[in-house]
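A, B, ... follow the sequence lines: proteins, then strands. Residue 1 opens every chain.
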Amino acid sequence: MFPPMELGSKPLFPSIPLPTQPKPLETFLFSALAAAASLPHLHQAHAVLLRLGLHSSSFLISKLLRRLSEHQPPPPYPHLLSIFSRVPNPNSFLWTTLLRASPEPFAVYSQMRSRSPPPPPLSFTFSALLKSSTSASAGAQVHAHAISLGGFDADLFVQNTLIDFYVRCGGHLHSARRVFDGMPVRDFISWTSLIVAYSKNGEMEPAGEVFERFPEKDRVAWTAMVTGYAQNARPREALETFDRMLAAGVEFDEVTLVGAVSAVAQLGSARHAGWVRGVVDRAGFSSGNVVVGSAMVDMYGKCGLIDEAGLVFESMRQRNVFTFSAMISGLAAHGRAGEAITMFREMVSGTAIKPNWVTFIGLLTACSHAGMVEEGRYYFKQMKDKYGIVPSADHYACMVDLLGRAGLVEEALDMIQSMPVEPHGGVWGALLGACRIHGKTHVARIAAEHLFELEPNCIGNYVLLSNIYASAGMWDEVTQVRKLMRRRNLRKDPASSWMENKDGVVHEFFAGDDKHPMSRKIKEALEEILCRLKLDGYQPVLSSVVYDVSDDEKERLLKGHSEKLALAFGVLTTGTGDTIRIVKNLRTCEDCHVVMKMASKVMQRKIVLRDNLRFHHFQNGECSCGEFW
DNA sequence: ATAGGGTTAG
């Protein structure tokens with residue numbers, strides 16, 4: 001398994017220049033070990049140590065073990081142990097190195113303690129034990145033991161590790177805080193660890209308080225705040241913090257930018273995307289860092305600029321499974337299933353990158369949004385058989401969506417009833433969505449019953465069911481659902497659309513509202529647009545209204561839909577060649593979809609509409625979704 | 001030796 005430990009004919013450590021002044025042999029060999037570029041190099045180095053009779057040096061052997069265990073995958077533990085066991089009197093440092101590499105660090109620790117005299121543990125020894133502790137009580141025992149030995153009750157290193165440990169083992173925030181409060185001396189790492197402790201538990205307010213109290217905020221602490229807000233779905237605050245950091249003159253790095261970029265992705269704002277791109281470019285990180293690049297691919301996809309995402313993807317020097325998955329999901333969200341599939345095929349045949357379960361979510365979503373049932377079935381099977389990925393409930397949700405959208409609602413129901421994992425809300429929700437498209441009231445009732453139990457507070461499900469009944473003219477059932485909503489004290493999310501004008505001001509519109517300062521002009525502009533569309537044959541799609549009212553009233557309600565108001569506002573406030581970008585919080589209706597298509601042709605405008613789950617690109621009377629949404 | 005990083009469905 002291991003290469004023969006013999007000296008080759010090639011120079012051993014070509015990257016290490018010979019010392020100009022003679023240095024002690026051990027020091028020289030130590031730096032050679034540190035720089036050995038590959039596993040074979042390390043094995044050769046080991047052979048040299050053996051020849052020179054230095055295999056008993058704790059100093060050198062611990063470096064060797066350390067370097068060996070850094071490799072992926074590391075050599076098996078028995079191999080490391082055999083190297084270790086040739087050292088007659090291992091020191092604390094070497095014991096700790098072995099302990100870190102061992103599958104059972106506690107066993108190694110007790111062996112170490114049973115020596116006579118026992119080598120004194122180091123801070124580093126306890127941090128290694130804490131790293132491998134999985135329960136809070138195990139960690140607390142290490143903590144208590146360290147204190148009982150004396151000399152560690154105020155050890156900065158051990159205490160810093162403890163803060164991190166208490167959070168990692170399941171959010172024991174109070175214990176982490178107690179350690180922090182009891183520290184006589186704190187450094188950057190103590191402060192940042194506590195900030196991260198709160199933010200990993202979704203508690204950004206206390207995180208912010210600690211941050212403000214920290215007198216010497218450094219780059220990492222600022223980054224922890226930016227990232228914390230981004231990871232807790234608070235993109236505005238993430239970007240505000242990033243702005244403050246720039247204003248304070250603190251240097252940022254790639255990690256900070258990743259936080260900022262992912263915040264912009266959540267905002268979905270094309271203007272912010274352009275801004276953060278500029279920051280990344282000026283800092284010189286545009287194509288050199290896989291993580292920044294992958295985050296940018298994702299960001300552009302989520303901001304509606306899918307072609308820009310493709311350009312970033314192409315320009316990257318390195319790509320990994322995150323990069324490909326982000327690109328595939330982006331293409332899927334923009335209805336470009338063919339390209340998503342091509343990208344997947346290129347990934348599996350043109351690179352050594354293995355797809356993971358997230359990659360398949362993107363790929364299956366692409367198939368389902370394009371109605372490519374057979375392709376979807378094929379890749380679902382491939383995922384299991386060829387890549388050995390066990391389908392999760394999320395994957396089943398994609399499959400139910402795929403079958404259901406394509407009209408195979410009964411087959412989708414069968415799949416749910418026979419799937420080996422417990423279906424969650426996403427799975428039943430996909431089925432309910434399919435029932436809405438295909439008017440399947442019977443299956444809808446089944447799906448809804450499960451959803452009302454799994455997600456009793458999710459309003460969307462009730463609205464969907466009531467709309468399905470309404471479309472079928474089952475008004476008694478509609479009343480029943482509405483009563484149930486009232487009983488459970490649920491209120492409908494108002495539909496809204498928004499767009500950002502050139503100055504970055506976000507204008508939000510609600511159905512039928514006239515609160516916008518330009519409301520009168522917007523309504524006039526909309527009337528004019530609709531008139532022009534009618535000359536081209538537009539007829540309002542009255543079935544999009546799910547209330548039992550007269551046709552005139554239906555037409556009036558349709559005119560109030562928020563995305564139409566946003567469209568009129570866009571026509572009024574942007575230049576003739578500009579793309580109009582609208583975001584809507586819910587699914588868009590048939591009628592608005594028709595209006596957008598026709599407007600894109602009649603007014604010669606590109607319109608990008610993001611609804612709650614995907615992008616529609618309207619151009620020349622057609623939509624990228626191919627009528628499948 | 002200890003702190004901050006990207007991809008996920010309805």
Side-chain angles (χ1 to χ4, degrees), chain A residues 66 93 96-97 100 122-128 130-131 155-165 167 187-197 199-200 218-228 230-231 252-262 265 289-299 301-302 319-330 332-333 355-362 364-365 368-369 392-402 404-405 423-434 436 447 451 455 458 460-461 464 587 612-614:
Chain A
R66 190 64 209 288
F93 205 88
T96 305
T97 311
R100 270 171 58 120
L122 312 163
S123 321
F124 174 40
T125 318
F126 294 121
S127 102
L130 285 172
K131 271 241 179 305
D155 186 284
L156 187 60
F157 180 82
V158 168
Q159 287 173 316
N160 282 345
T161 316
L162 272 165
I163 295 177
D164 184 52
F165 163 78
V167 177
D187 65 1
F188 291 95
I189 295 174
S190 330
W191 286 92
T192 311
S193 296
L194 190 66
I195 290 169
V196 172
S199 92
K200 286 260 152 75
D218 68 341
R219 188 185 70 226
V220 179
W222 279 99
T223 303
M225 284 305 291
V226 173
T227 307
Q231 290 172 342
F252 58 85
D253 65 7
E254 288 109 313
V255 184
T256 327
L257 288 174
V258 168
V261 170
S262 83
N289 183 303
V290 216
V291 183
V292 175
S294 305
M296 289 227 292
V297 169
D298 174 53
M299 172 187 79
K302 291 201 168 114
R319 305 179 187 102
N320 62 18
V321 65
F322 286 81
T323 328
F324 274 93
S325 302
M327 194 67 223
I328 290 170
S329 301
N356 64 16
W357 68 283
V358 180
T359 320
F360 279 101
I361 299 264
L364 294 175
T365 310
S368 103
H369 284 185
S392 67
D394 290 342
H395 293 107
Y396 279 100
C398 293
M399 288 307 288
V400 168
D401 192 47
L402 173 83
R405 269 180 208 276
H424 58 22
V427 178
W428 290 111
L431 187 68
L432 188 61
R436 193 206 54 76
L451 282 167
E455 306 176 330
C458 182
N461 299 327
L464 213 52
R587 184 186 183 276
N612 54 344
L613 40 101
R614 60 180 300 162

statement: Those residues at least two apart in sequence (or on a different chain) that pass salt bridge (charged side-chain N to carboxylate O under 4.0 Å, His left out) with D253(A) are R219(A)
message: Could you tell me how far apart L431(A) (CG) and dA9(B) (P) are, to the nearest whole angstrom?
response: 19 Å
query: Looking across every strand, which nucleic acid part, if any, lies under 4.0 Å from D394(A) by heavy atom: base, sugar-phosphate, or nothing?
result: base
message: Just verifying a value: how many Å separate D394(A) CG and M399(A) CE, rounded to the nearest 0.5 Å?
response: 14.0 Å
message: Tell me the interatomic distance from M399(A), atom CE, to dT8(B), atom C1', rounded to whole angstroms.
response: 17 Å
query: What's the spacing between T161(A) OG1 and K131(A) NZ if we round to 0.5 Å?
result: 7.0 Å
query: Under 4.0 angstrom, heavy atoms only, what part of the nucleic acid is G425(A) near: base, sugar-phosphate, or nothing?
result: base
Rounded distance (Å) that lies between atom C1' of dA9(B) and atom CD1 of I328(A): 16 Å
Point-to-point distance, once rounded to the nearest 0.5 Å, from OG1 of T227(A) to CH2 of W222(A): 13.0 Å
- prompt: If you look at every strand shown and take non-hydrogen atoms under 4.0 Å, does L464(A) touch a base, only sugar-phosphate, or nothing?
  reply: nothing
task: Answer with base, sugar-phosphate or nothing: what part of the nucleic acid does W357(A) contact at a heavy-atom distance below 4.0 Å?
output: base
message: Measure CG/L613(A) against P/dT8(B) and give the value in whole Å, please.
response: 14 Å
- line: Given protein heavy atoms under 4.0 Å, the one-letter contact record of nucleotides 1-6 of chain B, with B base, S sugar-phosphate only and - none, is simply BBBBBB
message: To the nearest 0.5 Å, what is the distance between OG on S262(A) and CG on D298(A)?
response: 8.0 Å
task: Please lay out, stage by stage, how V196(A) and V167(A) fare under the test side-chain contact (heavy atoms from CB on, under 4.5 Å).
output: CA-CA 9 Å; V196(A) 172; V167(A) 177; 6.0 Å; no
message: Students often get this wrong, so: under 4.0 angstrom with heavy atoms, is G433(A) touching a base, only sugar-phosphate, or nothing?
response: nothing
field: Whether T192(A) side chain and I189(A) backbone form a donor-acceptor pair below 3.5 Å
entry: no
- request: Look at the side-chain N and O atoms of H395(A) and state whether any lies under 4.0 Å from the OP1 or OP2 oxygen of dG10(B).
  value: no
query: Just checking H424(A): base, sugar-phosphate only, or nothing, at a heavy-atom cut-off of under 4.0 Å?
result: base
query: Which part of the nucleic acid, if any, lies within contact of L130(A), taking any heavy atom under 4.0 Å across all strands shown: a base, the sugar-phosphate backbone alone, or nothing?
result: nothing
